[in-house]
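Single-structure report; data block below.
Heads up: numbering here begins at 1 and tracks the sequence. All figures in this text were calculated on a predicted structure; none of them were measured in a lab.
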Amino acid sequence: MLQSMFNGVSAILSNQKGMDVIGNNIANVSTTGFKAGAVSFADQLSETLQSATTATTGLGGKNAMQVGHGVRVGSIDIRTGEGGLSATSVPTDLAIQGNGYFMIANSSGAASYSRDGHFAVDGAGNLVSANTGERVLGWAADTSGVVDTTKTVDGSSALSVPVGSLTAASATKSTTYVGNLDSGSAAGATVKSDVTVYDSLGTKHNVTLNLTRDTDPVTGAAANTWSWTASGDSSLAAATGTTNTGKVTFDTNGQVSTVTGSIVMNPPGATSPQTIALNLGTLTQLSGASSLTNKSQDGFPLGTLQSFSIDGNGVINGVFSNGLSRKLGQIALATFSNPAGLQRVGNNEFALTTNSGDATVGTANSQGLGSIQAGYLEQSNVDLSVELTNMIVSQRAYQANTKIVTTVDQMLNELINMKQ
């Protein structure tokens, strides 16, 4: 009889734990990136009153007789399914569409994992969790904007977006000219065009490109080649050898067939030598007035980081006041062989366990990881209708098992009263 009471008590305790999980799910129905818990129950060890027997010649077999010892909580699992996405229009709010977890540097300096992408930039320019101030992890770009995603990501791999303080310049690597060189011009005719280029420190240099028509050494007439030289800046004179000269050759249709040479500078205090590719391939040598115009050059003077954006691959792209656009870093994502095996540590974060498997770190849209949606947050995956239904079932199970306890108590009273 006492065993029946213990069975009822075990059911009361188990359903109480189940109600705790349901209540926590409902409490977090609006928590960003929350993953609902799910309780499953298991029966406890049964007492065998009689073992099963096999059939004989005269008698059939009999089943075992067992009395159960109640119920227990078998597991409390994490439902890892994806929640819906909610638009926020905040560029630092990020949601993962698909698998993967953000990596966060927790208070001990180790990495923890979260689906909560409610991020912000703090006063020091760090990309952090808006809830805790813990820093978001990934790969920082070098000074040239190159991101090396082969490097290990750990608690020290924090990302920063120092708007208003980060400065950058870009040295000119190529310059492009357009125009026409009059096919009727005489040998020795010269056409010029000026361009401003920049060294690695952002210092500008004024360069003049001079194109002079050659003389055919056989006929003495004007040739289909033009010699070019670069002049006008002292750093050009510092370049030695046969640099800053070359030739442009045209075919019989007036189109460029070959271009030789490149502009070389030795700017003081900057990267030297600085080689600038000379793009003259769109020039023509046709009958008509000569013109030579610099179309573009790819260098930039000193500029300050003004804004940034985050794309679907988690790449942070910075825009500078000088028009330069450069990668600042890339957000890392992690996945696990058993994400349900992660352990909750509060603040919408999870920690590794021996049953989750190690984190496989990669970039969004690779290795089975989802894409990153900027301006969105992932909602809780709690289904309120399911939780309220489970609450009713759990409440009724709790009530029914209290009846076991009170009924056994009445039976014990009757037993005690037999002596009177």
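Annotation: side chain of T363 is in contact with side chain of W139 (closest heavy-atom distance under 4.5 Å). Using a 4.5 Å cut-off on side-chain heavy atoms (C-beta onward), D214 and W226 make no contact. A 4.5 Å side-chain heavy-atom check between Y376 and L94 finds every atom pair outside the cut-off. For the pair W228 and T212, the minimum side-chain heavy-atom distance is 4.5 Å or more. With contacts defined as side-chain heavy-atom distances shorter than 4.5 Å, the pair F250/V256 qualifies. At a threshold of 4.5 Å between non-hydrogen side-chain atoms, the residues F34 and V29 do not count as touching. In this structure, the side chains of V161 and I316 come closer than 4.5 Å at one or more pairs of heavy atoms. Two residues are said to be in side-chain contact when any heavy atoms from C-beta on lie closer than 4.5 Å; L137 and F102 fail this criterion.
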- Task: Given side chain to side chain contact (heavy atoms under 4.5 Å, CB included), test R79 with N381 step by step and report yes or no.
- Result: CA-CA 8 Å; R79 295 194 189 116; N381 70 351; 4.0 Å; yes
- Would I276 and V197 satisfy side chain to side chain contact (heavy atoms under 4.5 Å, CB included), going step by step from the backbone distance to the final call? CA-CA 9 Å; I276 302 174; V197 296; 4.1 Å; yes
- Message: Please determine whether side chain to side chain donor-acceptor pair (under 3.5 Å) holds for the pair Q373 and S371, giving the CA-CA distance in whole Å, both sets of side-chain angles, and the decisive distance to 0.1 Å.
- Response: CA-CA 7 Å; Q373 303 296 319; S371 63; 3.1 Å; yes
- Report the C-alpha separation of R115 and F350 in whole Å, then their side-chain angles, then the decisive distance to 0.1 Å, and conclude whether the side chain to side chain contact (heavy atoms under 4.5 Å, CB included) test is met. CA-CA 9 Å; R115 293 282 294 193; F350 297 88; 5.5 Å; no
- Message: Could you walk me through whether D298 and S174 satisfy the side chain to side chain donor-acceptor pair (under 3.5 Å) test, starting with their C-alpha distance in whole Å, then the side-chain angles of each, then the deciding distance to 0.1 Å, before giving a yes or no?
- Response: CA-CA 6 Å; D298 58 4; S174 67; 3.3 Å; yes
- Message: side chain to side chain donor-acceptor pair (under 3.5 Å) for T353 and N355? Distances and angles first, verdict last.
- Response: CA-CA 5 Å; T353 68; N355 198 42; 5.8 Å; no
- Going through the checks in order, is the side chain to side chain contact (heavy atoms under 4.5 Å, CB included) test met by F320 and T167? CA-CA 8 Å; F320 293 78; T167 58; 5.8 Å; no
- Task: Would you sort out whether Q285 and S183 count as a side chain to side chain donor-acceptor pair (under 3.5 Å), showing the intermediate values?
- Result: CA-CA 5 Å; Q285 182 183 265; S183 60; over 6 Å; no
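Taking CG of N347 as the start and OG of S129 as the end, the distance is 7.5 Å to the nearest 0.5 Å. Going from atom NZ of K192 over to atom OG1 of T229 covers 8.5 Å, rounded to the nearest 0.5 Å. Here the straight-line distance linking atom OG of S385 with atom CG of N390 works out to 9.5 Å at 0.5 Å rounding. Distance CG/D142 to CG/L328: 11.5 Å, rounded to 0.5 Å. Here the straight-line distance linking atom OG of S291 with atom CG of L181 works out to 8.0 Å at 0.5 Å rounding. The structure places OG of S272 at 8.0 Å from CG of D199, a figure rounded to the nearest 0.5 Å.
Looking at N24 and N28, their side chains do bring a donor and an acceptor atom within 3.5 Å of each other. A donor-acceptor contact closer than 3.5 angstrom links the side chains of N206 and T196. Checking N294 against T175 by side-chain atom types alone, a donor-acceptor pair falls below 3.5 Å. Side-chain contact of E387 with N25: a donor-acceptor pair under 3.5 Å is present, judged by distance alone. A donor atom on one side chain and an acceptor atom on the other are not found under 3.5 Å apart for T152 and D154. Side chains of D194 and T208: a donor on one and an acceptor on the other come within 3.5 Å. Neither side chain, Q330 nor N313, offers a donor N or O lying under 3.5 Å from an acceptor on the other. With hydrogens and angles left out, the side-chain atoms of N210 and S231 include a donor and acceptor closer than 3.5 Å. Between the side chains of T258 and T249, at least one donor N or O lies within less than 3.5 Å of an accepting N or O. Side-chain atoms of T225 and K247 include no donor-acceptor pair closer than 3.5 Å. Side-chain atoms of T284 and N180 include a donor-acceptor pair closer than 3.5 Å.
Across all non-hydrogen atoms, the minimal contact from S185 to A222 is O-CB, 3.8 Å. Shortest non-hydrogen contact noted between Q50 and K62 is NE2-NZ, 3.5 Å. Nearest heavy-atom pair across T88 and D93 is OG1-OD2, 2.9 Å. When every heavy atom of A105 is checked against every heavy atom of G155, the shortest pair comes out as CB-O, 3.5 Å. Pairing each heavy atom of Q379 with each of S86, the nearest pair is NE2-CB, 3.5 Å. Nearest heavy atom pair, residue S394 against residue G18, reads OG-C, 4.5 Å.
For R213 and D182, the salt-bridge test fails: no basic side-chain N is under 4.0 Å from an acidic carboxylate O.
Listed for the S262 side chain is no donor-acceptor partner under 3.5 Å among the backbone atoms of T275. Side chain of T335 to main chain of L369: no donor-acceptor pair is present (N/O by atom type, distance under 3.5 Å, no hydrogens or angles). Under a 3.5 Å cut-off, the side chain of D116 and the backbone N or O of N348 do not form any donor-acceptor pair. A distance-only check finds no donor-acceptor pair linking the side chain of T54 to the backbone of G61 [under 3.5 Å]. Using a distance-only test at 3.5 Å, with no hydrogens or angles considered, no donor-acceptor pair links the side chain of T215 to the main chain of P217. Distance alone, capped at 3.5 Å, is enough to place a donor-acceptor pair between the K35 side chain and the G81 backbone. A donor-acceptor pair is defined here as one N or O able to donate and one able to accept, closer than 3.5 Å; no such pair exists between the side chain of Q274 and the backbone of M265. Of the possible donor and acceptor atoms, none in the side chain of D43 sits under 3.5 Å from a partner among the backbone N and O of H69. A donor-acceptor pair under 3.5 Å is absent between the side-chain atoms of D233 and the main chain of P267, judged by distance alone.
Not counting sequence neighbours, K295 has no partner by the salt bridge (charged side-chain N to carboxylate O under 4.0 Å, His left out) test.
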Cut-off 3.5 Å, no hydrogens considered: what does the side-chain donor-acceptor table look like for residues 70-77, sequence neighbours left out?
unit_1	atom_1	unit_2	atom_2	d
S75	OG	S40	OG	2.6
S75	OG	D77	OD2	3.1

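Screening N131, L159, I310, I104 for a side-chain contact (heavy atoms from CB on, under 4.5 Å) with F119, the sole residue that qualifies is I104.
Residue pairs satisfying the salt bridge (charged side-chain N to carboxylate O under 4.0 Å, His left out) criterion with at least one member in residues 322-350, sequence neighbours excluded, are absent.
Atom CG of D358 sits in a sparse spot, with 12 or fewer heavy atoms from other residues, nucleotides or ligands closer than 6.0 Å.
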